[in-house]
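Following: one structure in structure tokens, then a few remarks.
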Amino acid sequence: MAKRIEVSGLHAYYGQVHAIEDISMSVEPRSVTAFIGPSGCGKSTFLRTLNRMHEVIPAARVEGKVLLDSEDLYGSEVDPVAVRRVVGMVFQRPNPFPTMSIYDNVAAGLKLNGMRGKSRLDEVVERSLRGANLWNEVKDRLNRPGAGLSGGQQQRLCIARAIAVEPQVLLMDEPCSALDPISTLAIEDLIAKLKEHYTIVIVTHNMQQAARVSDRTAFFNIAGTGQPGRLIEVDDTSKIFTNPVEKATEDYITGRFG
Amino acid sequence: MTSQTEIGEKGTAAAETRRAARAASTGRAGDRVFAIATRGSGILVLVIMAAIAVFLIWKALPALRSDEANFVTSQEWSPDSTPARFGIAQLAFGTVISSFLALLMATPVAIAIALFISFYAPRRIAGGLSFVIDLLAAVPSIIYGLWGLQFFVTKMDDVAVFLNDNASWIPLFGGDSVGGRSILTASVVLAIMILPIISSISREVFQQVPQANIEAALALGATRWEVIRMAVLPFGRSGMVSAAMLGLGRALGETIAVAMVLSTASGITLHILKEGGNTFAANIANTFAEAGANGRGALIASGLVLFIITLIVNMAARAIVARRKEFV
Amino acid sequence: MSLAKHGSAPTSLTSVSMGRKVKDRLVQVLVYLAFALAVIPLVSVLWMVIKNGIGRFDLDFFSFSQNGIGPRDAGGGAYHAIIGTLEQVLLTSVMAVPLGILTAVYLVEYGQDRRLARTISFFVDVMTGIPSIVAGLFILAFWLLLLGFSFSGFAGALALAILMLPTVVRSAEEMLKLVPNELREASFALGVPRWRTVCFVVLPTALSGIVSGVMLAVARVMGETAPLLLLVFVTSSINMNPFSGPQMALPVFIWDQAGQPNDTAIARAWTAALTLILIIMALNLTARLIARLRRPASR
């Protein structure tokens, strides 16, 4: 079920602003790919082009190709709603639906896709919560509001919600930046477990995190303020962190700037 | 003030101390006067609210004592005859049924308009579109009344006849002497008038929906309607309820438009297509000019009832909004 | 269903299920229709007012009263009603605007989170919901029946002030809240007393917003009819003195003329409606223009 992503010649704009320029890269299935780079380098924007969430922002648009296996996400026949069903997303700040219970949060996507029947829903909700390492903590209070959980639990709830619909790709936009170190560790463990089934792309500000969780790492940078973000290099994580090809990458990971 | 005393203590030159002291004192006196003036105006608001209740009760009591009929259940309205006989049953019935029908018609449309402006209309013209809806609120009720009486009533004549012929199996319809100047027409006019209120408050509520929740729904692969159903409507539920209640409060108290559109007649009937019916406010506007001393007292008594009803509706609506604010 | 079979989903990117798509489209059509539905009465009202009002929109209408002119007679005008409306609204504003702004200042600058401020704020909101006829009955009971005054423009203005007050408080409050706190702190740090800070720093900063709020409030009370029927009554002649005797006002003029069976009277009612709506729209547009002009300046 995990799919390969092949990006070629991708540009993204906010109105007149050219946010990212000419990105081509591929993301391997059943692996974790980390996006790193200084603030404003377009890594989050790029992530959001991978499930067509970028165009949700008024006046935002995208040029180029994103192939999921062999289907272009930006093909004229493609429905963005269907894309987002297949490419799940976890956001920077945990955003469970405040009016829904824990159970309903996880079931939200399933119900959208027409799943009915209590026993089937129960089964998938349990499986997803177990998948997100949250089941044991919430199994006795599934009907309590999801907003009542701690930040780290809320984020795992959001992951459970995303994997409940069994997407083929899971995008994570700095999923730990709002969390404490212990919750961060829990999420990182979870990522390691999830990559057995999913293609995972994670944006992170934390280079140690990228080194810990990812198989491959892509480094993004901008030439200056107002310039579009570009992909500098992408390679195996071990190579990027020990022996990068580009000077800019080396400067960044050794902390000489950014 | 502490800073002023400090200056006073540290000041070396006597003149500077004096100046500082003077500044402090005028500052303090000015502050006190100003604080009293502002707090006084605030308290005046409370005084006015209390005075409305007190004076209405006071002037209603003599008339109520003279009433030979049951004030609550009687359908008569002849406070100036001897013995005086008047009751609010018919007024209360007409007020409540016309307002509820208006609410029933206006709420779904108003919420749909709020959704349209917040989520469907192109961003660039959304501001202009909401101005159009605000214009609907800017038109005074007397003009709705004139329009209703001179134009809309004639259109509703046909509607009433049509409904009477084809849908008389619904208990609200049917009956003889159907026509345009009915409770139904008044309700439609009221619905138009409360539409912008409900719509603008709903829009405010929709604007507070966190973008994060909307994106969460989108990222799950929700269509636009599903985003609204999952993230927007549940979040805005209490806000929409209070918006509807504020609309209801406005409809209950609306006077002139109803007084002009409705052809008042006595008697309670469920047949809302029949010409006739009456409301608290319309009755006051229509009969005040001919009312004697006791008649005015009786009208004030009916106004008191209207005041209490709208007060309850408004306070409930505001309480819902206030409670919601604490949550979010 | 595919989900239950553990991920053997033949998911396609090209479409979501037909049912979902149809529902989405249906709702879209419905909300567009709802907006169109709301525009119909607006256009109809404006069109009827213009179409029927333009006929008598002449010099006579603005220079003569109805004195000695019966419902069936042609001619006549609303001069006395326009004078009445302007005087009454001016008196109303003189009472409601200072009171409203002072109350707003109390709520924003002094009240903070005190119980009194919260109570006042709550009742200001409740006050917005008072039916105009009830405000009229209150002034009737208090001013006319208790204190023994008779019909006058001022009595009407008292009732209108009750209706205008909460609107002024709310809009002024909102504007005062927009004034950045740094401005107040800068002024306090210079040792300027609070009242001078409010009068010479805070209020001027919020001025254009408050002015536009007041104009909208004026536009709202200008169309009120019901309290005037009880308190100002009707007259067909010019009464320049708002403190004694019945006056006419534009809304009451419409009510009076529309109640007549004659076409000449109805035509006058429409023209008065056109006049009233033109004044109100002008106030609305100016208020919005002021509010818009202010925005870049405050940044």
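Chain letters run A, B, ... following the sequence lines, proteins first and then strands; every chain starts at 1. Note: hydrogens, waters and symmetry copies are ignored here, and every other heavy atom, side chains too, is used.
Your options are A:M53, A:R52, A:M89, and the one with the most heavy-atom pairs under 4.5 Å with chain B is A:M53. Heavy-atom pairs under 4.5 Å with chain A were tallied for B:A217, B:P122, B:P210; the largest tally goes to B:A217. Of the listed residues (B:M230, B:R224, B:E226, B:Q211), the greatest number of heavy-atom pairs within a distance under 4.5 Å of chain A belongs to B:M230.
Counting heavy atoms of neighbouring residues, nucleotides and ligands inside a 6.0 Å radius, atom CZ of B:R123 exceeds 12 of them.
Ion pairing of A:D173 with A:R48 is absent here, as no side-chain N (NZ or NE/NH1/NH2) approaches a carboxylate O to less than 4.0 Å. Salt bridge absent: A:E28 and A:R30 never bring a charged side-chain N and a carboxylate O closer than 4.0 Å.
Residue A:V83 does not touch chain B at all, counting heavy-atom pairs closer than 4.5 Å. Using a 4.5 Å cut-off between heavy atoms, A:P96 contacts chain B through its backbone alone, with no side-chain atom that close. A:F97 touches chain B through backbone and side chain together, each having a heavy atom under 4.5 Å away.
Side-chain contact check for B:I214 versus B:F119: some heavy-atom pair is nearer than 4.5 Å. Side-chain contact between A:V203 and A:L171 is absent, with no heavy atoms from C-beta onward closer than 4.5 Å.
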